[in-house]
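Numbering starts at 1 and runs along the sequence shown.
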Amino acid sequence: MREMLSMIVVLTVLTAVSGGLLAAVKVKTEPRIEEQVLKFQKAPAIKAIFADATNDPIKERFNVKAEDTELQVFPSTLADGIKAVAFEAKGGGYGGPIGLMVGINLDTDEIIAVRVTTHAETPGIGSRAKEDLSFVGQFAGMSMASNFDIKGRGGDIDAMSGATVTSAGVSQAAVAAQDLYKKLKPEIVKQMN
């Protein structure tokens with residue numbers, strides 16, 4: 001009985017120490033991970049969407065919150081004076097979540113451009129969503145009131161050949177962006193003024 005009790009105490013101490021160390025490592029590395037994600041995943045997408053920006057959307061980013069939703073927003077003023085924002089939304093792909101950066105004209109509520117930021121899709125098939133500009137280019141100029149689903153599901157977007165699940169995941173991310181934009185536009189406009 002005494003051996004059993006000492007074994008329980010030792011295991012409890014080891015578990016507590018291990019848990020504490022893991023929590024400390026997470027707290028210490030979290031800001032660096034966020035910085036790397038911004039630098040290598042989000043920033044290239046933002047620069048592609050806002051190629052003619054007169055400001056630095058990455059430096060001017062801010063967070064908006066409404067109810068239980070918080071969103072990181074990248075504001076931009078384009079060369080022709082148009083006020084725009086970009087933010088990331090997620091959809092479910094074949095290999096996991098797909099991140100989609102969506103740039104929106106605040107005056108017309110039209111999409112300027114979208115770019116895939118993150119994915120775990122099959123190389124050479126679903127991964128084309130990130131490189132195939134003809135696929136993501138379909139979203140440019142669409143209103144935020146459009147049906148972003150793929151045509152096989154009654155929407156306006158042509159799926160990539162051989163990558164229907166990935167195409168649906170990107171469309172799902174666009175629908176999520178649509179919902180976020182409707183919910184948070186007043187807060188976004190308020191922050192930008």
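Here the closest heavy-atom approach between residue Ile112 and residue Ile104 is recorded as CD1-C, 3.9 Å. For the residue pair Leu38 and Pro44, the shortest heavy atom distance occurs at O-CD, 4.5 Å. Taking all atoms of both residues into account, the shortest heavy-atom contact from Glu110 to Gly141 is CD-O, 3.8 Å. For Asp156 against Lys151, the heavy-atom pair with the smallest separation is O-CE, 3.7 Å. Summarising the geometry of Tyr94 relative to Glu121, their closest heavy-atom pair is N-OE1, 2.9 Å, with the distance given to 0.1 Å. Minimum heavy-atom separation, Val136 to Ala129: CG1-O, 3.5 Å.
In terms of hydrophobic clustering, with Ile, Leu, Val, Met, Phe, Trp and Tyr side chains grouped at heavy-atom distances under 4.5 Å, Phe87 and Ile111 are assigned to a common cluster. Each of Val165 and Phe148 belongs to its own hydrophobic cluster when Ile, Leu, Val, Met, Phe, Trp and Tyr are linked at side-chain heavy-atom distances under 4.5 angstrom. Both Val114 and Ile188 are assigned to one and the same hydrophobic cluster, defined by single-linkage of ILVMFWY side chains at heavy-atom distances under 4.5 Å. Hydrophobic clustering (ILVMFWY, side-chain heavy atoms < 4.5 Å, transitive): Met144 and Val175 are in one cluster. Transitive grouping of hydrophobic side chains (ILVMFWY, heavy atoms separated by less than 4.5 Å) keeps Leu100 and Val37 in distinct clusters.
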- Please report the C-alpha distance between Asn63 and Val73 in whole Å, then the side-chain angles of each, then the deciding distance to 0.1 Å, and finally whether the side chain to side chain contact (heavy atoms under 4.5 Å, CB included) criterion is met. CA-CA 6 Å; Asn63 291 336; Val73 177; over 6 Å; no
- Query: Between Arg115 and Lys130, does a side chain to side chain contact (heavy atoms under 4.5 Å, CB included) hold up when you go through it step by step?
  - Reply: CA-CA 7 Å; Arg115 292 292 185 272; Lys130 189 164 185 166; over 6 Å; no
- Item | Criterion side chain to side chain contact (heavy atoms under 4.5 Å, CB included) on Thr118 and Ile98, from CA distance to verdict | CA-CA 6 Å; Thr118 58; Ile98 297 174; over 6 Å; no
- Message: Show, in sequence, the C-alpha distance, side-chain angles and deciding distance for Ser76 and Asn55, and conclude whether the side chain to side chain contact (heavy atoms under 4.5 Å, CB included) test is met.
- Response: CA-CA 6 Å; Ser76 182; Asn55 68 324; 3.3 Å; yes
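Residue pairs meeting the salt bridge (charged side-chain N to carboxylate O under 4.0 Å, His left out) criterion with at least one partner in residues 162-186, sequence neighbours excluded, are Glu67-Lys183, Asp68-Lys183, Asp109-Lys185.
With hydrogens and angles ignored, the 3.5 Å screen pairs no side-chain donor or acceptor of Ser146 with any backbone N or O of Met142. Of the possible polar contacts, none joining the Arg153 side chain to the Ile150 backbone as a donor-acceptor pair under 3.5 Å is found. The closest donor-acceptor contact from the side chain of Ser167 to the backbone of Met160 lies under 3.5 Å. Side-chain atoms of Arg32 do not come within 3.5 Å of backbone N or O of Thr29 as any donor-acceptor pair.
Expressed to the nearest 0.5 Å, how far CD of Glu60 lies from OG1 of Thr77 amounts to 7.0 Å. Distance check: Phe135 CZ to Asp158 CG gives 9.0 Å after rounding to the nearest 0.5 Å. Rounding to the nearest 0.5 angstrom, the gap separating the CD atom in Glu88 from the OG1 atom in Thr117 is 3.5 Å. The CG atom of Asp132 sits 8.5 Å away from the CD atom of Gln138 when rounded to the nearest 0.5 Å. From Asn105, atom CG reaches atom CG of Leu78 across 7.5 Å, with rounding to the nearest 0.5 Å. Within the model, atoms OH of Tyr181 and CG of Leu106 stand 4.5 Å from one another, a figure rounded to the nearest 0.5 Å.
At a threshold of 4.5 Å between non-hydrogen side-chain atoms, the residues Lys83 and Met192 count as touching. Under the 4.5 Å side-chain criterion, counting only non-hydrogen atoms from C-beta, Ile8 is in contact with Thr12. A 4.5 Å side-chain heavy-atom check between Phe62 and Gln72 finds every atom pair outside the cut-off. Between His119 and Thr166, the closest side-chain pair of non-hydrogen atoms is not below 4.5 Å. Between Ile157 and Phe139, the closest side-chain pair of non-hydrogen atoms falls below 4.5 Å.
Glu3 CD: 12 or fewer foreign heavy atoms inside a 6.0 Å radius.
Taking the side-chain hydrogen bond (donor to acceptor under 3.5 Å, both in side chains) definition, one finds that Glu34 meets it with nothing, sequence neighbours left out.
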